[in-house]
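Order of appearance sets the numbers: ligands from 1, and atoms from 1 within every ligand.
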Amino acid sequence: MTFEMKQKVLFKHCDPAGIVFFPRYFEMMNDCVETFFSEVLEWPFEEFIGREGVPTAAIETRFTAPSLHGDHLVIALDVEHVGRTSFTYRMTAWCGDEKRFETKARLVFVNDSGRPQPWPEAIRAKLEAALEPAA
Ligand SMILES: CC(C)(COP(=O)(O)OP(=O)(O)OC[C@H]1O[C@@H](n2cnc3c(N)ncnc32)[C@H](O)[C@@H]1OP(=O)(O)O)[C@@H](O)C(=O)NCCC(=O)NCCSC(=O)c1ccc(O)cc1
């Protein structure tokens, strides 16, 4: 399955020329992940972040076209791999038919000491259910 989140490009995302500044894209990525946790995993960040966490261990992004103030983006997330303590997602942002960025990242589930721990079984089951179908 592909999870989608709409994101209008706002004033706060942009430099003085009205172009999205790249750290704001990373915030949009995290917003999409947070919404995925809430809506697909039914495990909102506010229920566990603080005691536990899901830091990003690795991320690779390509910015393929600039976004402008007022653009309407659709940010699409696919779960690519579920590991013992981690999962990998791919995310692509579109404005109409134009791709604005694509990213691949690995999140690791950590305990209150910041050490990796296995996913809770119920969360693992939902992550595996969300895995994109094999090509
Ligand atoms: C992520 C870590 C806890 C992993 O600890 P390690 O001791 O390296 O892990 P391990 O070797 O045991 O491996 C654990 C898993 O992580 C995976 N892993 C670890 N490092 C990597 C890298 N570099 N690439 C890919 N996968 C990795 C590894 O494959 C294991 O996966 P499973 O097979 O699914 O179990 C540690 O490297 C760390 O703390 N890194 C710093 C994280 C960080 O500061 N990221 C910057 C942004 S912070 C952030 O995104 C965030 C913070 C707080 C929040 O609430 C939310 C988000």
Original post:
Do any pairs count as a salt bridge (Lys or Arg N to Asp or Glu O under 4.0 Å) and have a residue in residues 9-34, sequence neighbours left out, and if so which ones?
Top reply: Arg24-Glu27
Donor-acceptor contact present, side-chain [X] to main-chain [Y], <3.5 Å:
X	Y	answer
Thr64	Lys99	yes
Arg90	Ala76	no
Glu52	Val110	no

Original post:
Any side-chain hydrogen bond (donor to acceptor under 3.5 Å, both in side chains) pairs touching residues 65-74, not counting sequence neighbours?
Top reply: Tyr25-Ser67, Ser67-Arg100, Asp71-Arg100
**OP:** Tell me the residues surrounding ligand 1, counting only those with a heavy atom closer than 4.0 angstrom, sorted by chain and number.
**Re:** Ile49, Val54, Pro55, Thr56, Ala57, Ala58, Gly83, Arg84, Thr85, Ser86, Arg106, Val108, Val110, Gly114, Arg115, Pro116
Original post:
Who passes salt bridge (charged side-chain N to carboxylate O under 4.0 Å, His left out) against Glu42, sequence neighbours left out?
Top reply: Lys126
